[in-house]
Amino acid sequence: MTEIPIGSKLRTTAIINKYLMRAKKALGQNFLIDPTILSGIVTAADITPGDQVIEIGPGIGSLTEQLLVAGAKVLAYEVDTDLEPILMAELPTKIADKPLAERFKLLLKDVLKADFKADLAGFFDLEQPIKVVANLPYYITTPIIFALSQSALHFTSLTLMMQQEVAQRLVAEPHTKAYGPLTLAIQSEMRVNLALAVDRHSFMPAPKVDSSVVVLIPLADSKLGTMDRKQFNRIVKLCFAKRRKTLNNNLKGLVSPERRTLIFEKLALPAMVRPEELSLAQFLQLVPLIMGHELAQTSK
Ligand code: SAM
């Protein structure tokens with residue numbers, strides 16, 4: 001590659017000026033201009049030649065270019081149609097002597113409306129592993145993570161840049177402020193590793209907060225077993241509805257006093273325990289007991 005990388009301050013500034021672009025705040029457009037962070041993402045995602053990668057929000061192609069250079073085949077979802085001509089003009093026309101079209105496909109659509117199986121068929125071999133790599137638009141970070149984790153396709157890994165505060169919630173331990181429903185929803189289905197801390201000045205324009213790159217690996221067997229995911233997440237949310245109150249207090253509208261006593265005894269929970277003091281393993285025991293009660297009530 002003879003050109004300066006797209007994900008450098010110099011080239012990004014040149015592209016923005018050339019196309020008289022304005023980064024669209026409403027679409028979470030903060031472009032990466034730090035080559036060290038870009039190579040850190042490629043390393044964290046463990047990209048090797050031939051990897052099949054879904055990218056969400058290629059923007060002007062900073063990360064896309066590095067994924068392609070590392071040998072990946074990339075299918076990218078981009079909702080901003082204005083970016084198509086820029087991407088197609090700025091990405092290298094050939095990668096390892098092959099035309100770009102063999103290695104890159106752009107889908108101009110909202111990733112939240114994606115039908116991954118249908119979209120990928122014909123470009124990716126659906127029998128082979130598929131990774132997701134993205135510098136996410138922050139306004140939809142959690143819906144995207146849920147959409148990816150609940151897809152019919154089993155992704156090998158999700159390497160995602162997100163705002164630091166959300167990353168902290170994903171990796172949180174009990175007894176901390178960040179620990180809550182999002183932590184439990186994700187950790188019950190995925191292994192989560194914090195890969196990189198990213199300063200806000202690594203982006204153009206710089207967002208108001210710092211970011212982190214997180215690697216999520218879907219578990220072969222969800223810790224939920226046969227439990228319904230939506231039910232589990234809904235009940236965990238109710239357990240945390242009033243964070244400052246005890247678990248017992250949060251369960252008041254859900255479970256009768258007698259049954260609460262039984263549940264607390266069965267799980268050997270202290271009467272004044274707060275929701276953030278329970279481990280994932282304890283929630284996995286608690287939720288079915290609460291659900292059993294709910295079912296008994298609704299069947300009356
Ligand atoms: N990948 C580029 C980079 O690292 O510099 C741009 C990342 S920027 C944070 C997020 C990108 O996601 C933008 O290009 C934005 O237009 C796109 N985007 C926003 N909402 C989207 C959606 N619902 N579906 C697909 N792309 C979306």
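Note: hydrogens, waters and symmetry copies are ignored here, and every other heavy atom, side chains too, is used. Just follow the structure's listing: the first ligand is 1, and inside any ligand the first atom is 1.
Contacts of I140 with ligand 1, taken as heavy-atom pairs under 4.0 Å, involve the side chain alone. Residue contacts with ligand 1, taken as heavy atom pairs separated by less than 4.0 Å, involve L83 solely via side-chain atoms from C-beta onward. Residue contacts with ligand 1 for Y139 involve side-chain atoms from C-beta outward but no N, CA, C or O (heavy atoms, distance under 4.0 Å). Residue M161 does not touch ligand 1, judged by heavy-atom distances below 4.0 Å.
Shown in contact with G28 at under 4.0 Å from a heavy atom are these atoms of ligand 1, numbered in order with element: 8 (S), 9 (C), 10 (C). Listed by number with element, the atoms of ligand 1 under 4.0 angstrom from any heavy atom of G59 are 6 (C), 14 (O). The ligand atoms of ligand 1 that sit less than 4.0 angstrom from a heavy atom of K109 are 24 (N), 25 (C). Those atoms of ligand 1 with a heavy atom of L136 less than 4.0 angstrom away are 9 (C). Counting the atoms of ligand 1 from 1 in the order shown, those under 4.0 Å from a heavy atom of N30 are 7 (C), 8 (S), 9 (C). Atoms of ligand 1 found under 4.0 Å from any heavy atom of F31 (numbered from 1 in listed order, with element): 5 (O), 6 (C). Heavy-atom proximity to Q29, at under 4.0 Å, picks out these atoms of ligand 1: 13 (C), 15 (C), 16 (O). When each atom of ligand 1 is checked for a heavy atom of E55 under 4.0 Å away, the hits are 1 (N).
Seen from the ring of F155, K131 does not count as a face-on cation partner, given the 6.0 Å and 45° thresholds.
For the pair D80 and K24, the salt-bridge criterion is met [side-chain N within less than 4.0 Å of a carboxylate O].
Ring centers of F283 and F240: under 6.0 Å apart, within the cut-off.
To the nearest 0.5 Å, atoms CG (L32) and OG (S8) are separated by 11.5 Å. Taken to the nearest 0.5 Å, the OG atom of S39 stands 11.0 Å off from the CG atom of L63. We find the CZ-NE2 distance between R274 and H175 to be 12.0 Å, quoted to the nearest 0.5 Å. Taking CG from L153 and CZ from F124, the interatomic distance works out to 10.5 Å, rounded to the nearest 0.5 Å.
With I37, N135, T81 as candidates, the residue nearest to atom 3 (C) of ligand 1 on a non-hydrogen basis is N135. Of the candidates G57, A114, A134, A23, it is G57 that places a heavy atom closest to atom 11 (C) of ligand 1. Closest heavy-atom approach to atom 5 (O) of ligand 1 within the set I33, I56, L32: this belongs to L32. When E78, K24, M204 are ranked by how near their heavy atoms come to atom 15 (C) of ligand 1, first place goes to E78.
Side chain of E78 to backbone of L107: no donor-acceptor contact under 3.5 angstrom is found.
Among all protein heavy atoms, the one lying closest to atom 27 (C) of ligand 1 is V79 CG1, 3.6 Å. Nearest non-hydrogen protein atom to atom 19 (C) of ligand 1 is L27 O, 3.1 Å.
Ring geometry, F116 versus Y77: the interplanar angle exceeds 60°, so the pair is classed perpendicular (tilted spans 30 to 60°).
Applying the side chain to side chain donor-acceptor pair (under 3.5 Å) test between D210 and each of Q163, R200, H201 identifies R200 as the sole match.
Pairing each heavy atom of E65 with each of I6, the nearest pair is OE1-N, 2.8 Å.
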